[in-house]
Amino acid sequence: MSLRCDQTPQWPALQALFQAQGRALDLRQAFAEDGERFAHFSQSAPEVFADLSKNLWDRPTEALLLAMAEACGLAAQRDAMFAGQPINHTEGRAVLHTLLRRPEGLALPGDGPDIAQKLAEVHGTQGAMLQYAEQVRGDAAITDVVNIGIGGSDLGPHMAVLALDAFRAAGKRLHFVSNVDGHELHGVLQGLKAESTLFLIASKTFTTAETMANARSALAWFGAEGGSDVARHFAALTTNVEAAGALGITTTFGFWDWVGGRYSLWSAIGLPIAIAIGTAGFRELLAGAHAMDEHFRTAPLAANLPVRLGLLDLWYRNFHGFTSRCIAPYHAALGRLPAYLQQLEMESNGKRVGADGQELPYATSPVLWGEPGTNGQHAFFQMLHQGTDVLPLEIVAVRQAAHPLPGHQDKLLANALAQAQALMVGKASPEDGHRHFPGNRPSTFLLLESLTPASLGALIALQEHRVFVSGSLWGINSFDQWGVELGKVLARDLESRLASGDAAGLDGSTAGLLARLRGG
């Protein structure tokens with residue numbers, strides 16, 4: 001069993017280092033004393049350049065964190081994931097989303113005995129899915145595609161389709177419905193026609209309550225609007241072929257229990273992405289992710305970008321005590337990236353117990369939140385610069401614009417640079433505290449050359465592996481999500497109580513709200 005971070009000899013050494021100098025580190029002084037700070041704390045990885053130099057750490061801190069990672073057996077844990085070992089121990093499953101973007105027939109050192117068979121199945125399903133996507137793209141009668149899913153069946157595809165809008169096929173509009181609140185589905189359906197709409201029902205088990213409620217309403221709408229050929233206008237992304245068939249849906253694409261929902265956009269769940277950007281674009285998305293996989297798998301820990309980011313996350317959470325991280329994508333097309341990363345990190349690492357089921361003595365996942373720049377600058381950046389809490393900022397910028405409008409890109413990039421600079425350098429104002437900026441506030445800068453399927457794939461894979469790193473060091477299972485279950489169970493009970501009014505056995509607050517919601 002791997003060591004937990006606090007069980008390593010480096011943990012007390014890190015605590016001592018933090019007390020002695022980490023707590024008081026001043027970024028302005030650090031740059032003044034180390035002319036090579038930017039060179040050391042920045043690096044290129046596939047499709048991504050990262051500047052980590054404006055963060056509250058120094059070389060001795062990073063070296064000690066790297067030694068801790070080695071003591072935890074991080075490399076062995078990483079290799080176990082790639083090899084297909086059942087590292088999702090609470091569910092007895094392998095974790096092989098990386099296999100979904102591995103080139104056909106590629107064998108890697110350490111592959112488990114069934115990896116080749118799994119890879120062949122992946123490419124068989126992927127080929128069928130992409131063939132169907134091209135069929136839809138070539139069908140001029142289909143103008144609108146509605147993806148109905150929730151969680152990983154919505155956040156990833158929705159984020160990617162918006163991000164890659166510049167590559168979207170002409171004549172195809174894509175819509176995403178996730179909320180069981182009927183206002184969302186109703187709003188989408190109002191602008192559609194049955195004869196020109198394709199619905200994609202995305203649910204691995206075909207039992208997800210919100211998704212199935214929306215699917216049944218979509219089927220009812222389709223019939224009421226004169227639609228008759230369900231088989232042509234509905235497809236299911238599921239392993240429950242029987243349940244889909246019971247609704248008249250005969251086109252299905254499945255995936256496997258070793259693909260977690262928040263890691264599934266590379267699978268059949270990515271069908272709306274493939275419809276939007278085509279086979280070539282989807283394969284480029286996979287290739288970008290695979291390139292980052294190989295970087296994570298092979299690069300030394302000290303030059304491994306996901307590792308360095310994961311170590312920084314642990315340093316901030318467990319030593320500086322920072323409770324959140326703000327994500328600010330300086331590209332409008334990445335508007336759903338913060339929401340996607342919220343699920344990726346908080347559902348993966350929002351755990352209070354370790355691998356042994358015992359409560360952990362330290363904090364785990366930070367709260368992730370954000371909004372595209374420059375919008376955030378006119379909303380919550382006030383708090384980043386002058387608030388009482390220090391909140392690390394992660395900027396995602398893109399060097400080349402995909403639009404022809406003159407002047408905009410330089411203004412956008414100047415703002416991204418300025419925010420990171422202002423957070424660090426601050427501005428002294430002894431005569432007026434209201435205009436004083438304390439500075440020494442941390443930021444990370446991730447830069448893409450352009451926003452393409454390949455660069456987006458690499459960026460997402462980078463974030464996936466970063467979450468794996470911090471989760472591994474914390475000794476938690478990043479690949480289950482039991483925390484979403486209790487609310488689902490209680491909701492089923494309360495739905496029937498809303499109809500009957502039965503409040504027996506409920507707590508006073510829930511009983512009172514139930515009566516209020518029933519109108520009495």
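Everything numeric in this text was worked out from a predicted model, so none of it was measured.
Rounded to the nearest 0.5 Å, atoms OG (Ser496) and CG (Leu498) are 8.5 Å apart. Distance NE2/His175 to CD/Glu184: 12.0 Å, rounded to 0.5 Å. Remark: Arg216 CZ to Thr211 OG1 distance equals 11.0 Å, nearest 0.5 Å. Separating the CG atom in Leu417 from the CD1 atom in Ile395 is a distance of 8.0 Å, to the nearest 0.5 Å. To the nearest 0.5 Å, the span separating CD1 on Ile148 from OG on Ser153 amounts to 12.0 Å. Taken from OG1 in Thr251 to CZ in Phe234, the straight-line distance is 12.0 Å, to the nearest 0.5 Å.
Atom CD of Glu485 is surrounded by more than 12 heavy atoms from other residues, nucleotides or ligands within 6.0 Å. At most 12 non-hydrogen atoms from other residues, nucleotides or ligands lie less than 6.0 angstrom from CD of Glu242. For CD of Glu449, the number of neighbouring non-hydrogen atoms (other residues, nucleotides, ligands) closer than 6.0 Å is greater than 12. Within a 6.0 Å sphere centred on NE2 of His89, other residues, nucleotides and ligands contribute more than 12 heavy atoms.
Of all heavy-atom pairs spanning Leu185 and Ser217, the tightest one is CD2-CB, 3.6 Å. Nearest heavy atom pair, residue Tyr263 against residue Ser348, reads OH-OG, 3.0 Å. Nearest heavy-atom pair, Asn477 versus Lys351, reported as atom, atom and distance to 0.1 Å: O-NZ, 2.6 Å. Of all heavy-atom pairs between Gly376 and Glu371, the closest is N-CG, 4.4 Å. Across every non-hydrogen atom of Gly310 and Val469, the tightest pair is CA-CG1, 3.9 Å. The two residues Arg137 and Ala274 make their nearest non-hydrogen contact at CD-O, 3.7 Å.
Side-chain atoms of Thr252 never come within 3.5 Å of backbone atoms of Thr238 as a donor-acceptor pair (strictly under, hydrogens ignored). For Asp293 (side chain) and Ala461 (main-chain N/O), no donor-acceptor pair under 3.5 Å exists by modelled atom type. Side-chain N or O atoms of Ser44 include none that pairs as donor or acceptor with a backbone N or O of Phe49 at under 3.5 Å. Side-chain N or O atoms of Asp139 include none that pairs as donor or acceptor with a backbone N or O of Gln135 at under 3.5 Å. No donor-acceptor distance shorter than 3.5 angstrom exists from the side chain of Lys54 to the backbone of Phe445, with no hydrogens or angles considered. Within the 3.5 Å criterion, the main-chain N or O of Trp258 finds no donor-acceptor partner in the side chain of Asn88. Put simply, the side chain of Glu347 never gets that close to the backbone of Val484: no donor and acceptor are under 3.5 Å apart.
Using a 4.5 Å heavy-atom threshold, the side chains of Leu309 and Thr444 count as touching. The shortest distance between side-chain heavy atoms of His465 and Met81 falls below 4.5 Å. Side chains of Tyr340 and Leu334 form no contact here, defined as non-hydrogen atoms less than 4.5 Å apart. Side-chain contact between Arg325 and Glu394 is present, with at least one heavy-atom pair separated by less than 4.5 Å. Side-chain atoms of His290 and Leu106, non-hydrogen and from C-beta on, do get closer than 4.5 Å to each other. In this structure the side chain of Val230 never reaches within 4.5 angstrom of the side chain of Leu247, judged on heavy atoms. Contact annotation: the side chain of Arg492 approaches that of Val489 to within less than 4.5 Å [non-hydrogen atoms, C-beta and beyond]. Residues Thr125 and Phe255 have side chains not in contact (no heavy-atom distance under 4.5 Å, counting atoms from C-beta outward).
Taking the six-membered ring where tryptophan is involved, the planes of His408 and His403 are perpendicular, since the angle between them exceeds 60° and thus also 30°. Using bins of under 30°, 30° to 60° and over 60° for the plane-to-plane angle, the ring pair Phe468/Phe296 lands in the perpendicular bin. Trp221 and Phe199 have perpendicular rings, their planes meeting at more than 60° on a 0 to 90° scale where under 30° would count as parallel.
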Inset, instruction - Before giving the answer on side-chain contact (heavy atoms from CB on, under 4.5 Å), spell out for Gln463 and Ile327 the whole-Å C-alpha distance, their side-chain angles and the decisive distance to 0.1 Å. - result: CA-CA 12 Å; Gln463 300 287 354; Ile327 310 297; over 6 Å; no

Inset, instruction - Report the C-alpha distance between Arg102 and Leu108 in whole Å, list the side-chain angles of each, state the deciding distance to 0.1 Å, and finish with yes or no for side-chain contact (heavy atoms from CB on, under 4.5 Å). - result: CA-CA 10 Å; Arg102 193 194 292 193; Leu108 298 178; 3.5 Å; yes

Inset, instruction - Test Thr197 against Phe222 for side-chain contact (heavy atoms from CB on, under 4.5 Å), laying out the working first. - result: CA-CA 9 Å; Thr197 302; Phe222 181 73; over 6 Å; no

Legend entry - Verdict with supporting geometry, Thr205 and Asn240, side-chain hydrogen bond (donor to acceptor under 3.5 Å, both in side chains): CA-CA 6 Å; Thr205 62; Asn240 194 342; over 6 Å; no

Inset, instruction - Begin from the C-alpha positions of Thr90 and Asp480 and carry the test side-chain hydrogen bond (donor to acceptor under 3.5 Å, both in side chains) through to its verdict. - result: CA-CA 7 Å; Thr90 63; Asp480 61 12; 2.6 Å; yes

Legend entry - Verdict with reasoning, Trp256 to Leu100, per side-chain contact (heavy atoms from CB on, under 4.5 Å): CA-CA 10 Å; Trp256 303 269; Leu100 298 172; 3.9 Å; yes

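Among Ile460, Leu155, Leu459, the single residue meeting the side chain to side chain contact (heavy atoms under 4.5 Å, CB included) criterion with Leu337 is Leu459. Here the options are Gln342, His97, Met346, Gln343, the test is side chain to side chain contact (heavy atoms under 4.5 Å, CB included), and the partner is Arg262; only Gln343 passes.
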Anything under 3.5 Å between a donor and an acceptor, one on a side chain of residues 451-458, the other on a protein residue two or more places apart or in another chain? List them.
residue, atom, partner, partner atom, Å
Thr452, OG1, Ala454, N, 3.4
Thr452, OG1, Ser455, N, 3.1
Thr452, OG1, Ser455, OG, 3.3
Ser455, OG, Ser450, O, 2.7
Ser455, OG, Thr452, N, 2.9
Ser455, OG, Thr452, O, 3.2

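Checked for salt-bridge contact, Arg317 and Glu345 miss the test: no charged N lies under 4.0 Å from a carboxylate O. No salt bridge links Lys118 with Glu121; every basic N to acidic carboxylate O contact stays at or beyond 4.0 Å. A salt bridge links Glu294 to Arg297: one of the charged nitrogens lies within less than 4.0 Å of a carboxylate oxygen.
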